[in-house]
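The structure appears right after this line, and notes come after that.
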There are 2 protein chains.
Amino acid sequence: MTTQRLFSVQRQELLLDELRRRGAVRVSDLARELAVSELTIRRDIDSLSRRNLVTKVHGGATLPTPIGRANRPRQARDLFTIGMVVPSLDFYWPLIVSGARAAAAALGVNLQLRGSSYEPDEDRRQISRLIEAGQVQGLLLAPSLEGERAAEMVDWIGHLPVPTILVERQPDRWTSTPRQIECVRSDHSLGMEMAVHHLHQHGHRRIALLLSKGSPTSAYLLRGWRAACADLGISDAIVVRESVALTTPGHRKIISNVLAECHRSQVTALIVHSDPDAISVAQYCAEKGVGIPDDLAMVSYDDEVAHLAEPSLSAVRPAKTHVGRVAVELMVSRLLDGERRPSQRVLIAPELFVRQSSLGRGRVR
Amino acid sequence: MTTQRLFSVQRQELLLDELRRRGAVRVSDLARELAVSELTIRRDIDSLSRRNLVTKVHGGATLPTPIGRANRPRQARDLFTIGMVVPSLDFYWPLIVSGARAAAAALGVNLQLRGSSYEPDEDRRQISRLIEAGQVQGLLLAPSLEGERAAEMVDWIGHLPVPTILVERQPDRWTSTPRQIECVRSDHSLGMEMAVHHLHQHGHRRIALLLSKGSPTSAYLLRGWRAACADLGISDAIVVRESVALTTPGHRKIISNVLAECHRSQVTALIVHSDPDAISVAQYCAEKGVGIPDDLAMVSYDDEVAHLAEPSLSAVRPAKTHVGRVAVELMVSRLLDGERRPSQRVLIAPELFVRQSSLGRGRVR
DNA sequence: GTGCCACTGTTCGTTTCTGTACGTCTGTGA
DNA sequence: TCACAGACGTACAGAAACGAACAGTGGCAC
């Protein structure tokens, strides 16, 4: 082939060319073709592999491959570390975190937890810190995806250098990221449907909905509400979006208005998003002599403390620990399978716990 | 196949590739294909499994599963038998079945397969037989859920005495069964959105859709189509629901009409559901001198044989082996966890494979 | 010329890869 | 339950590849 003696740079160019064409080169072949000793070729390969341009293998070299790279350092244990960023550590999220912790322990991986806020900028800061530390192989995220900047945030997350899974969050639609973003979340729509159907089965035909303001969950609840109403032919119900927890200033006024409106519309059942709000309403009803469940049946959505109310409140309980667990399991699967695993979205059904507040006695079955 | 002797890294790369495509590999096959001894393949598998890149099973290897590592194979082995009823064993379903088989092997559970038809009655017969035999602890089902009797069927399935998971099927809404029915399915809506966005990115603004008649998938495709069109502001496209595979009588006439309509509406791209139909259209275009992709870009939906067409067709490929695999893994989790585990729904994203038929040259971007 | 340097080649003991042989283990069907 | 075929993995061995040590070659500055 080439009788002319070449410089090492030229040989290496040739080697890379050959490599790109065939996917692999063999020391012995190249030595013969270039009429140099095998050791020379080995030294070339050595130099290229030090620059990560090729992967050294016994007998020659191949294009850089993750397998080859993992091959070299004889890793004793590849223990994964997963980062997790949640917007709050004291409300809604503790159960999800504990589910994730348990799953991580069971699978033998580490979990690094960071609390953020409901601010996108703080989310980014925390996520960036985790990545820059270089310790995490995957991220479980629950960023704020409200408002204008949601798409931008999703896009940013989709281009992070490690696999990510959203927890209790989901991008609206198709995303332009290299792969569709994965997520694990409670099926709040379904949970709402369960509540509505439950009340319907107990004879309620006029049901009102009281959603807390500004919660990312509300949109899903509303969707489930509409689906259930369409399904059952209920359409004249009242929907209010106000927070009425005991800590909200003016909650009594709002509750009073809502109850008046319910009375006017002959509403017999009320679904309230989040336990504190529901308890607040129940307390107000007790004060005003509105009997629960006889005058007004109630179902709370969240079931953190609904069982503590008097009477105890029926509630839909998102399976939070399970969400955390499934998120970790999915991440471990993804890390084991590598990039080519198709992305998936998991919806987890809540459960309905029926207690006193919705067990109307004389109602239609 | 390959006469050239390969390096071990290359063999391993090939093995992983095959694994991702089929869900499982078998030692004897690989040894024959690569012309090396079986022991060599076993050693490769050994090395990969030590790095948790594959799971060793008797006879070959499968994709790794976290469950398989967490619970010792000893425990799960022979413990569970899962029944699986699919509507057909020779179209669409083989890859799902092979994914399920591989996962079952990796987890050490048995899989009993039954072929049914697209008839609800036949479905029931097969399912009943499996249950009456008393051998299965769980069921993976893909019943017909079309038409009037869908709700009845869902209800029946929801009351079976063993846990069930629907595969590539999903009940429309809330179900009145004791627990919400679980399912694992391809996110066909998302797949369609991927196709539309891909064409849109290549400058196409008038896109037509050709759906095969009577497929359960069509509804999802249509939904994804509408979502993408709304998202992108495309609204004037043509949707046709006809089968035009080469085996369909009168397919030439239908294609001719569709193409005429496309021409009249200045459509530049066409999405066709199912490969045979797409190939049929492509062939007709070639006959009539309609250039692909220059006169008409095409994307097929299914990617069983789309790469064989001339020119090769871009296609959206549902991750079928993965669906089968996830279904089995979910069922094993459910059986291990017991009744209290909340039910979940898994949507698996398809992948878009861009080939010649949608790579318009002079287009925007 | 001489010394220095970069590059290359030869030798040889060591390591790695692969194959054959053979006893053991596993899954399957009778 | 048993028997059998196929799969598994250990042991051994040969071939090839590896790389350290040392030696040779040619360009270059002085």
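Residue numbers start from 1 in every chain, and the chains themselves are labelled A, B, ... in the order their sequence lines are given, proteins ahead of strands.
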Task: Side-chain N,O (B:Ser28) to OP1/OP2 (D:dG6) below 4.0 Å - done: no

- [ ] Nearest whole angstrom, please: distance from the P of C:dG27 to the CG of B:Leu111.
- [x] 16 Å

Task: A:Thr40, nearest nucleotide to its side chain (from C:dG19, C:dG9, D:dC18) - done: C:dG9

Open item on the list: Tell me the closest heavy-atom pair linking B:Asp302 and B:Lys320, and the distance in Å.
Closed with: OD1-NZ, 3.2 Å

Task: Whole angstrom value for the distance that separates P of D:dA17 from CZ of A:Arg32 - done: 10 Å

Open item on the list: Rounded to whole Å, how long is the line connecting atom CD of A:Gln12 with atom C1' of C:dC7?
Closed with: 12 Å

Task: Any A:Arg42 side-chain nitrogen or oxygen under 4.0 Å from OP1 or OP2 of D:dG19 - done: no

TODO: When you get a sec, tell me which of C:dG9, D:dA7, C:dT18 is the closest nucleotide to the side chain of B:Glu38?
DONE: D:dA7

Open item on the list: Ignoring hydrogens and geometry beyond distance, is the side chain of A:Arg43 in donor-acceptor contact with the base of D:dG19 at under 3.5 Å?
Closed with: no

Open item on the list: Tell me whether the side-chain N/O atoms of B:Lys56 come closer than 4.0 Å to OP1 or OP2 in D:dG9.
Closed with: yes

TODO: Find the distance B:Arg11:CZ to C:dC17:P and express it as a whole number of Å.
DONE: 9 Å

Open item on the list: Distance check needed: D:dA16 P versus B:Phe7 CZ, whole Å only.
Closed with: 14 Å

Task: Residue B:Arg26, side-chain heavy atoms: nucleotide from D:dC8, D:dA7, C:dG19 that is nearest - done: D:dA7

Open item on the list: I want to check a possible cation-pi pair here: B:Arg317 against B:Tyr301, using under 6.0 Å from ring centre and within 45° of the ring axis as the test.
Closed with: no

Task: Pair B:Glu168-B:Tyr92, side chain to side chain donor-acceptor pair (under 3.5 Å): steps then yes or no - done: CA-CA 11 Å; B:Glu168 293 290 26; B:Tyr92 192 94; 2.9 Å; yes

TODO: Would you give the length of the straight line joining atom CZ of B:Arg42 to atom CG of B:Asp46, rounded to the nearest 0.5 angstrom?
DONE: 10.5 Å

Task: Spacing of A:Asp44 atom CG relative to C:dT8 atom C1', expressed in whole Å - done: 10 Å

TODO: Considering non-hydrogen atoms only, spot the tightest contact between A:Ala319 and B:Pro342 and give its length.
DONE: CB-CG, 3.3 Å

Open item on the list: Distance check needed: D:dG6 C1' versus B:Ile41 CD1, whole Å only.
Closed with: 17 Å

- [ ] Between A:Leu39 and B:Gly59, just flag the one whose closest nucleotide in DNA chain D comes earlier from the 5' side.
- [x] B:Gly59

Open item on the list: From the set C:dT20, C:dT18, D:dG6, return the single nucleotide nearest to any side-chain atom of B:His58.
Closed with: D:dG6

